[in-house]
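Below you'll find the structure, written out as structure tokens, and then a few comments.
Every chain is numbered from 1, with letters handed out A, B, ... down the list of sequences. These numbers come from a predicted model, not from an experiment.
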Amino acid sequence: MASPFAYELEHVCKRSGARAGTLTTPHGKIKTPIFMPVGTNSAVKTLTGDQVEATGAQIILANSYHLYLRAGTKLIKQFGGIHKWMNWDRPVLTDSGGFQVFSLSHLRKITEDGVEFRDPKDGSTHFISPEISMEIQQDIGADIIMAFDECAPYPCSYEEAKSAMERTHRWLERCFRAKTNENQALFPIVQGAFYDDLRQESARVISSFDAVGYAIGGVSVGEPTDIKNHFVKMTAPLLPENKPRYLMGVGTPEDLLDGIKNGIDMFDCVLPTRNARHGAFFTPEGSRNIKTQQFYDDPRPLVEGCDCYACKNHSRAYIRHLWRCGESTAATLLSIHNTKFLVDFSQKAREAILNDTFEEFYNEQMSRLVKK
RNA sequence: GGGUAGGUGCCCGAGUGGCUAAAGGGAGCAGACUGUAAAUCUGCCGUCGCGAGACUACGAUGGUUCGAAUCCGUCCCUGCCCA
């Protein structure tokens with residue numbers, strides 16, 4: 001049976017490493033570079049499926065760890081998999097639980113076999129190994145599933161970083177052995193923290209596995225931007241050229257520009273929705289906060305010319321009013337705007353790449369963003 | 001009219017002699033957030049001053065005391081109960 005997955009590298013910018021491509025999945029094609037909104041609990045927070053769809057999102061993320069705890073991945077399987085479960089028929093990607101090894105580090109214990117977690121909500125203990133992560137992700141049934149990795153913190157010692165990386169590689173082997181569903185693509189993840197030789201070694205090792213796409217993990221864990229950029233820049237070109245490259249957990253509009261310039265094709269980040277719930281909205285001139293006094297009587301949309309639902313229908317003053325009254329609609333409107341902003345942003349970058357004007361696009365957008 | 005419980009900073013509300021410019025919330029004003037334990041967290045929040053500090057403040061007023069939001073007198077106001 002032919003693989004339902006394919007990736008076509010359509011164009012590489014002549015003056016930078018920026019790439020445009022198309023990734024085919026069982027639930028449709030993804031045009032890269034692409035920003036993927038995060039819906040940890042099988043919902044993009046504060047948004048309905050229609051609203052997510054209206055942002056133009058081509059694919060969304062969900063999380064193995066969270067869905068395993070609630071609702072229970074067997075239940076999702078019983079409903080016919082995550083697409084039917086949440087009534088979303090475009091592609092879905094699930095994270096493996098590897099990020100929770102980092103983010104819930106005080107609630108877990110790592111052994112060679114796997115990781116013992118305590119549920120932050122009820123204290124119950126759960127064990128996830130590479131094999132169990134694969135079983136969970138196969139039950140969920142996303143199009144793209146991620147290797148169960150150990151995401152190291154920043155800063156961390158060379159020994160720690162090396163040990164996490166090597167374990168990630170051994171676990172990767174086990175993930176590939178445990179994965180059986182041909183309709184899912186398993187992406188390996190580069191680790192190695194912030195050490196050049198470890199990143200090089202990790203990229204080499206994971207590239208030796210035959211995969212549909214490859215991810216860079218362990219960034220955006222608190223390190224300064226220039227360090228992040230250095231490691232993305234040196235790591236991305238070490239991954240197979242004719243396969244999509246996914247930079248996990250990134251990022252801001254600036255991060256997208258830098259990532260794309262350095263040859264990244266896929267991004268995901270909680271920022272557009274989390275920051276929306278905290279009152280922030282993206283603009284081409286940087287992030288603003290609707291809570292601030294300056295917007296109290298501002299009749300303009302969040303961003304002039306933006307064609308998201310929030311901007312087409314409401315003023316800053318109105319959204320600020322909703323925010324101050326504690327109306328959840330404020331978070332919804334900001335989430336719609338922020339998500340569409342990043343989706344559009346990656347789409348514009350794609351067009352620029354195809355037109356060989358990415359360099360200009362990068363310079364123009366970056367100078368606007370940093371000016372503030 | 002009698003009794004009783006009260007009146008604290010923008011609001012709610014602790015505080016019954018010095019450790020009180022006055023707990024804790026809320027509101028307000030800012031900031032953080034990157035494979036979501038997050039609609040969360042942090043800072044500021046009487047006035048003036050960069051600052052040390054000064055000034056003003058716990059219904060009003062008079063007193064006791066080295067010292068009062070806290071104790072006493074009088075007055076004003078509010079809730080509740082009885083007539």
N-O pairing of A:Lys162 and A:Asp197 below 4.0 Å: no
Spacing of A:Leu334 atom CG relative to B:C33 atom P, expressed in whole Å: 17 Å
Taking only N/O atoms, report every protein-nucleotides 36-43 of chain B pair under 3.5 Å with atom names and distance.
residue, atom, partner, partner atom, Å
B:U36, OP1, A:Asn63, ND2, 3.0
B:U36, OP1, A:Asp95, OD2, 3.4
B:U36, OP2, A:Thr40, OG1, 3.2
B:U36, O4', A:Arg274, NH2, 3.2
B:U36, O3', A:His66, NE2, 3.1
B:U36, O3', A:Gln100, NE2, 3.4
B:U36, O2, A:Arg274, NH2, 3.4
B:U36, N3, A:Arg277, NH2, 2.9
B:U36, O4, A:Thr273, OG1, 2.4
B:U36, O4, A:Arg277, NH2, 3.4
B:A37, OP2, A:Gln100, NE2, 3.3
B:A37, OP2, A:Ser103, OG, 2.5
B:A37, O5', A:His66, NE2, 3.4
B:A37, N6, A:His106, NE2, 3.0
B:A37, N1, A:His106, NE2, 2.7
B:A38, O2', A:Arg277, NH1, 3.0
B:A38, N7, A:Arg274, NH2, 2.8
B:A39, OP2, A:Arg277, NH1, 2.2

Polar side chain donor-acceptor pair, A:Gln191 to A:Asp149, under 3.5 angstrom: yes
Complementary nucleotide of B:C75, counting Watson-Crick and G-U pairs under 3.5 Å: B:G59
Contacts of type side chain to side chain donor-acceptor pair (under 3.5 Å), residue A:Arg300, not counting sequence neighbours: A:Asp298
Those residues that, when tested against A:Asp143, pass side chain to side chain donor-acceptor pair (under 3.5 Å) (two or more places apart): A:His27, A:His83
Identity of whatever pairs with B:U36 - Watson-Crick or G-U, under 3.5 angstrom: none
Residues A:Lys340, A:Asp307: salt bridge by 4.0 Å N-O rule: yes
Atom-pair distance (CD1 on A:Ile290; P on B:C33), nearest Å: 19 Å
Counter-base of B:G28, judged by Watson-Crick or G-U geometry with both distances under 3.5 Å: B:C44
Watson-Crick or G-U counterpart of B:G1, or none if no pair lies under 3.5 Å: B:C82
Spacing of A:Met36 atom CE relative to B:U34 atom P, expressed in whole Å: 17 Å
Any-strand Watson-Crick or G-U partner of B:G49, both distances under 3.5 Å: none
Under 3.5 Å, sequence neighbours excluded: what are the donor-acceptor pairs made by side chains of residues 211-220 of chain A?
residue, atom, partner, partner atom, Å
A:Tyr214, OH, A:Phe209, O, 2.5
A:Tyr214, OH, A:Ala211, N, 3.1
A:Ser220, OG, A:Lys228, NZ, 3.4

Sugar-phosphate only, base, or nothing, as touched by A:Arg324 at under 4.0 Å among non-hydrogen atoms: sugar-phosphate
Considering only distance and modelled atom types, tabulate donor-acceptor pairs under 3.5 Å from the side chains of residues 48-56 of chain A, sequence neighbours left out.
residue, atom, partner, partner atom, Å
A:Thr48, OG1, A:Gln51, N, 3.2
A:Thr48, OG1, A:Gln51, OE1, 3.3
A:Gln51, OE1, A:Thr48, N, 2.8
A:Thr55, OG1, A:Val52, O, 2.5
A:Thr55, OG1, A:Ala57, N, 3.3

Rounded distance (Å) that lies between atom P of B:U34 and atom CZ of A:Phe282: 12 Å
Sugar-phosphate only, base, or nothing, as touched by A:Gln191 at under 4.0 Å among non-hydrogen atoms: base
Residues A:Glu150, A:Arg167: salt bridge by 4.0 Å N-O rule: yes
Option passing side-chain hydrogen bond (donor to acceptor under 3.5 Å, both in side chains) with A:Arg70 (candidates A:Asp122, A:Asp119, A:Asn41): A:Asp119
Stretch residues 197-220 of chain A: residues that reach within less than 4.0 Å of RNA chain B through a heavy atom: A:Gly218, A:Ser220
Sugar-phosphate, base or nothing in reach of A:Leu93, heavy atoms under 4.0 Å: nothing
